[in-house]
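Working notes, beginning with the structure itself.
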Amino acid sequence: MSTSYRLGVLEGDGIGPEIVPASVEIATAAARAAGVTVDWVTLPLGATAIETHDTPVPEETKQALADLDGWFLGPHDSVGYPEPHKSALNPSGTLRKHFQLFANIRPAKSFPGAKAVCENADLVIVRENTEGFYADRNTYAGTGEFSPVEGVAIAMGIITRAATERVARVAFDLARSRRKKLTIVHKANVLKLTTGLFRTVCQEVAREYPDVRVDDFHIDAMTVHLVRRAQDFDVIVTENMFGDILSDLAGEISGSLGTAPSINASAGMAMAQASHGSAPDIAGQNVANPVAMILSGAMLFEWLGARHEDEAAARVAKIIEAGVAEAIASGISTRDLGGSASTTEFTAAVIKAVTAGAGQN
Ligand code: ATP
């Protein structure tokens, strides 16, 4: 049986127009190998959408996404937008909020053959995506960050039982499918009510998962543990801002920020998005590492496989992952991983591996 999906392509800014097409090309080759048909729908987003639609996230983009099975989102350089767009909620925050994509799942796994601070890291950070301490997106309307008088700025953090419970369940289910260890990260000694509630609710959910070992750390201590012994961690669950910072650290420790993928998911929708930003310092030079975006695409197919009980979609994910691992193991990598391949050379190597390995998957 052939399965088919309609997926959105939003290139975004900076290195987005280099890494997103690379991921689409690789996903297309892997889908073909697995017998999956993909109908790609390109939609405007970011700086180019400001030029054409006077907004970085046009209404037509949101409406089209609502009818798709998922999408690939490139990074955005929102600090480079003209006002009023620069001060508004950024495109990924807008899409996460609009579609209530409450779980941001960010694996950090080292690749055999690639240099890394920790060469045997294999962990996943599950970051709550809809509330917490990012005041630009933790309110229903308006923003929780404001300046009542010149020289005074106030930001609000929000943690709710309901949002913590749903993200905790995603994290525990994931831990159950992996090494059955879960670490709760908080700052309950200082942010007692808010992150204290986050810890308490996660511990309550833990009672439903007696087979999962649970520990917890303050966010500051956790940075030290990650640098010293990233290999000891399996699944980490935390609030929005802590998860954002910790996942950059975990990505870099396990290789490079350029290899750290993610998806943002609700029960019914998912968006593939690399953990890194738009890297304007290297944009347009054909040196960006496309791995994070490629593997984010793989995560989306894995998610589609689970959601639709579709083994073929899950196989697409495995084919992409194997292709990336094979290219890196054969000594081809971009300069952030110590290699000298360009974005296009690395992409070609993965496509070659995907095409050659197709029969074995
Ligand atoms: P944001 O706030 O949008 O997440 P950021 O400030 O975290 O962005 P990035 O754009 O992620 O910053 O870049 C941080 C550093 O990592 C830069 O030096 C950038 O060149 C590098 N970097 C990020 N992504 C990649 C990639 N895919 N390949 C190579 N280097 C990258």
Side-chain angles (χ1 to χ4, degrees), residues 10-26 45-47 56-57 72-81 85-96 104 106-111 114-117 125 127 129 133-137 145 223 240-264 271-299 324 327-328 332-347 349-350:
L10 298 86
E11 287 190 357
D13 309 318
I15 58 174
E18 297 162 72
I19 61 172
V20 175
S23 331
V24 169
E25 219 185 316
I26 290 164
L45 180 114
V57 189
F72 284 25
L73 176 75
H76 48 73
D77 182 18
S78 37
V79 292
Y81 295 169
H85 313 295
K86 182 179 176 167
S87 302
L89 177 57
N90 68 43
S92 62
T94 301
L95 293 175
R96 288 172 192 178
N104 184 198
R106 295 184 158 187
K109 187 174 178 183
S110 8
F111 288 96
K115 72 174 176 65
V117 172
I125 294 175
R127 163 191 175 197
N129 234 353
F133 294 92
Y134 274 166
D136 61 341
R137 68 201 68 171
E145 187 181 38
T223 60
N240 206 339
M241 183 169 69
F242 295 166
D244 195 15
I245 297 168
L246 213 52
S247 56
D248 266 24
L249 177 66
E252 193 61 33
I253 284 171
S254 59
S256 144
L257 200 44
T259 60
S262 87
I263 57 163
N264 301 266
M271 162 170 99
Q273 178 186 19
S275 295
H276 58 72
S278 62
D281 52 333
I282 56 167
Q285 297 173 27
N286 197 21
V287 295
N289 189 345
V291 167
M293 194 64 234
I294 297 167
L295 293 181
S296 301
M299 288 180 75
V324 169
I328 293 176
I332 300 166
S333 63
T334 45
R335 70 181 188 193
D336 55 309
L337 289 180
S340 60
S342 65
T343 310
T344 42
E345 283 164 351
F346 181 79
T347 304
V350 178

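Positions are given from 1, in the same order as the sequence printed here. Read the numbers this way: they start at 1 and go in the same order the structure lists the ligands and their atoms.
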Distance from Ser262 atom OG to His276 atom NE2, nearest 0.5 Å?
9.5 Å
Any nitrogen or oxygen of Ser275 lying under 3.5 Å from a nitrogen or oxygen in ligand 1? Just yes or no.
no
I'd like to know if the side chain of Arg335 reaches the main chain of Ser340, judged simply by a donor and an acceptor atom lying under 3.5 Å from each other, with no hydrogens or angles considered.
no
Atom pair CG/OG1 of Leu89 and Thr94 - distance to nearest 0.5 Å:
3.5 Å
I need the nearest protein heavy-atom contact for atom 28 (N) of ligand 1: residue, atom name and distance, please.
Asn289 N, 2.9 Å
Could an N or O of ligand 1 be found under 3.5 Å from any N or O of Ala279, whether backbone or side chain?
yes
So which atom in Ile19 and which in Pro75 form the shortest heavy-atom distance, rounded to 0.1 Å?
CD1-CD, 4.1 Å
Output yes when a protein non-hydrogen atom is found under 4.0 Å of atom 8 (O) of ligand 1, and no otherwise.
yes
Region of Ile15 that comes within reach of ligand 1 [heavy atoms, distance under 4.0 Å]
side chain
Between the CD1 atom in Ile125 and the OG atom in Ser275, the distance rounded to the nearest 0.5 Å is 8.5 Å
Closest contact, heavy atoms only, Gln285 versus Glu18:
N-OE1, 3.8 Å
Does the protein put a heavy atom less than 4.0 Å from atom 15 (C) of ligand 1?
no
Atom 31 (C) of ligand 1 - nearest protein heavy atom and its distance:
Ile282 CD1, 4.1 Å
Under a 4.0 angstrom heavy-atom cut-off, which atoms of ligand 1 come close to Gly258?
26 (C), 27 (N)
Show which atoms of ligand 1 fall inside a sub-4.0 Å distance from at least one heavy-atom site of His276.
11 (O), 23 (C), 24 (N), 27 (N)
Examine ligand 1 and decide if any of its atoms is less than 4.0 Å from a heavy atom belonging to Ser278.
yes
Search all heavy atoms of Ile332 against all heavy atoms of Ala349 and return the closest pair with its distance.
CD1-CB, 3.7 Å
In the complex you have, is atom 2 (O) of ligand 1 within reach of the protein, judged by whether a heavy-atom distance drops under 4.0 Å?
no
Distance filter under 4.0 Å to Leu257 heavy atoms, resulting ligand 1 atoms
11 (O), 16 (O)
Any N or O of Pro280 closer than 3.5 Å to N or O of ligand 1
no
Counting only non-hydrogen atoms of the protein, does one fall under 4.0 Å from atom 24 (N) of ligand 1?
yes
Can you tell me how far CZ of Arg96 sits from OH of Tyr134, rounded to the nearest 0.5 angstrom?
9.0 Å
Looking only at side chains, do Tyr81 and Asn90 share a donor and an acceptor under 3.5 Å apart?
no
Determine, counting only non-hydrogen atoms of the protein, whether one lies under 4.0 angstrom from atom 12 (O) of ligand 1.
no
Verify the distance criterion only: is there a donor paired with an acceptor across the side chains of Asn286 and Thr344 at less than 3.5 Å?
yes
Return the residue, atom name and 0.1 Å-rounded distance of the protein heavy atom closest to atom 17 (C) of ligand 1.
Asp281 OD2, 3.5 Å
